[in-house]
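A, B, ... follow the sequence lines: proteins, then strands. Residue 1 opens every chain.
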Number of protein chains: 2
Amino acid sequence: MTSTEPAGAGRAAPRPTRQRRAVARVMTTFADFRSAQEIHELLEQQGDPVGLATVYRTLQLMADHDEVDVLRSEDGEAIYRRCSDTHHHHLVCRSCGATVEVEGPAVERWTSAIAGDHGFTDVSHTLEIFGTCPACRS
Amino acid sequence: MTSTEPAGAGRAAPRPTRQRRAVARVMTTFADFRSAQEIHELLEQQGDPVGLATVYRTLQLMADHDEVDVLRSEDGEAIYRRCSDTHHHHLVCRSCGATVEVEGPAVERWTSAIAGDHGFTDVSHTLEIFGTCPACRS
DNA sequence: CACTCAACTGAGAATCATTGTCAAAACCGG
DNA sequence: CCGGTTTTGACAATGATTCTCAGTTGAGTG
Ligand SMILES: [Zn+2]
Ligand SMILES: [Zn+2]
Ligand SMILES: [Zn+2]
Ligand SMILES: [Zn+2]
């Protein structure tokens, strides 16, 4: 047993590979939600290609670490976006995809209260608001 | 043009076929969310088989008419459930899938207000609350 | 530096939900 | 019963995501 891990339960720290850095970097270059496929293409165009499977794996990893928000577009495709580290929700333009991060203590309180009323514990929630943004109101 | 429709814009009324009735009926037999595939199997077991494609088509139709709620399971699969005809949200048990319909004028107001503040129109929203129900709190 | 080994990668195959196709069947009003 | 329309269902096609697995890479070691 030549392990160098601290004695406890050992989850190996992920390696900072070129591919992972590349994905992390492109995620900082746009502000709206993009699909894994689009991110894969972006990387290719930027001359820093990463295999599609790796893009998927990396995005999942980042999502697990709360480094990106994941949500499902209306047709079920998973889409990703970098996000601030505080809990928040999104106001998304149905037409152009523009996104605004919003927060509201009131909603947070309401969801906890409702769940509590019904005896639910370990409560979490998802909330997305869709609409047409001013720019698209041609 | 031999149409018998009233002169205006004509969207033909859907026919109440055996298949559509069968789907509508089976939707009343359970209270939680089920995938189209599961619903298709249920129908088969109940000796009232409906083609998978038709199940999908019918569920979409019912969703368009707000006769069923649609939401996406975590892996992107569309799942369906009969629901009351008023706008509401769901409190879902992560462990056993038990569902409670909840409403809250406060949230409705909040989402409209937020969207309005940012100049968004045609606003809609999705909100799901997840937790562990009392029964599963073994 | 050369070595070792698990973590990591990527090309392509495999999955799997969902949608498209289209000829045959069911309906409906007349 | 007739003609036109809608609906159905078996099957193919699509498309995102996951799996496979052999080859690569990186970090720690002596
Ligand atoms: Zn817009
Ligand atoms: Zn929240
Ligand atoms: Zn439960
Ligand atoms: Zn609402």
S.K.: So, OP1 or OP2 of D:dT7: does either fall under 4.0 Å of a side-chain N or O from B:Q19?
M.R.: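 Answer is no, no contact under 4.0 Å.
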S.K.: Scan B:R20 against the nucleic acid and name what it touches under 4.0 Å (heavy atoms): base, sugar-phosphate only, or nothing.
M.R.: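 Result for B:R20 = sugar-phosphate.
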S.K.: Measure CG/A:D75 against P/C:dT19 and give the value in whole Å, please.
M.R.: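 My rounded result for the distance is 9 Å.
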S.K.: Given D:dA16, C:dG10, C:dT21, identify the nucleotide with an atom nearest to the side chain of A:Y56.
M.R.: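 The nucleotide sitting nearest to the side chain is D:dA16.
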S.K.: Centres of the B:H125 and B:H89 rings: under 6.0 Å?
M.R.: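 Yes: the rings meet the under 6.0 Å criterion.
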S.K.: Would you mind telling me which of C:dT18, D:dT18, C:dT9 lies closest to the side-chain atoms of B:A36?
M.R.: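 Of all the options, the side chain of B:A36 is nearest to C:dT18.
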S.K.: When you match A:R18 and B:E77 each to their closest nucleotide on DNA chain C, which lands nearer the 5' end?
M.R.: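 It is A:R18 whose nearest nucleotide is closer to the 5' end.
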S.K.: Would you check if there is a donor-acceptor pair between the side chains of B:H87 and B:E108 at a distance under 3.5 Å?
M.R.: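 Yes - a donor-acceptor pair under 3.5 Å links their side chains.
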S.K.: Does a donor on one side chain sit under 3.5 Å from an acceptor on the other, for B:Y56 and B:Q37?
M.R.: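 A donor-acceptor contact under 3.5 Å links the two side chains.
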S.K.: With DNA chain C as reference, determine whether B:Q37 or A:V50 sits nearer its 5' end, using the nearest nucleotide of each.
M.R.: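 Result of the comparison: A:V50.
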S.K.: Return the value, rounded to whole Å, for the distance between atom CG of B:L61 and atom P of D:dT6.
M.R.: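 Going from CG in B:L61 over to P in D:dT6 covers 14 Å.
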S.K.: Which of these nucleotides, C:dG10, C:dG20, D:dT17, is closest to any side-chain atom of B:A53?
M.R.: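 Of the options given, the side chain of B:A53 lies nearest C:dG20.
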S.K.: Measure from CD1 on A:I79 to C1' on D:dG15 and round the result to the nearest Å.
M.R.: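 Rounded to whole Å, this separation is 16 Å.
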S.K.: Do the side chains of A:I114 and B:I129 get nearer than 4.5 Å, heavy atoms only?
M.R.: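 Yes; the side chains approach each other to less than 4.5 Å.
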S.K.: Rounded to the nearest Å, what distance is computed from the CD atom of residue A:E38 to the C1' atom of nucleotide D:dT17?
M.R.: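 Result: 15 Å.
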S.K.: Quick one: the side chain of B:R15 and the base of D:dT5, do they pair up donor-acceptor inside 3.5 Å?
M.R.: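 Yes, a donor-acceptor pair under 3.5 Å.
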S.K.: Can you measure A:E74 atom CD to D:dG15 atom P for me and round it to whole angstrom units?
M.R.: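 Interatomic distance, CD of A:E74 to P of D:dG15: 19 Å.
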S.K.: Please tell me if B:T17 has a side-chain N or O lying less than 4.0 Å from either OP1 or OP2 of D:dT8.
M.R.: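 It does, given that an N or O in the side chain of B:T17 lies less than 4.0 Å from OP1 or OP2 of D:dT8.
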S.K.: Side chain of A:T111, backbone of A:V107: donor and acceptor closer than 3.5 Å?
M.R.: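 Confirmed, A:T111 side chain pairs with A:V107 backbone.
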S.K.: With respect to the side chain of A:T54, which nucleotide from C:dT18, D:dT17, C:dG10 is positioned closest?
M.R.: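 The nucleotide sitting nearest to the side chain is C:dG10.
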S.K.: Can you tell me how far P of C:dA14 sits from CG of A:L52, to the nearest Å?
M.R.: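 Distance, rounded to whole Å: 17 Å.
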S.K.: Tell me the interatomic distance from A:R21, atom CZ, to C:dT9, atom P, rounded to whole angstroms.
M.R.: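 Distance, rounded to whole Å: 11 Å.
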S.K.: Given D:dT18, is OP1 or OP2 found less than 4.0 Å from the side-chain N or O atoms of A:Q60?
M.R.: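 So the side chain of A:Q60 is within the cut-off, an N or O lying under 4.0 Å from OP1 or OP2 of D:dT18.
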S.K.: Does B:R57 make a side-chain donor-acceptor contact with the base of C:dG20, cut-off 3.5 Å?
M.R.: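 Donor-acceptor pair under 3.5 Å: no.
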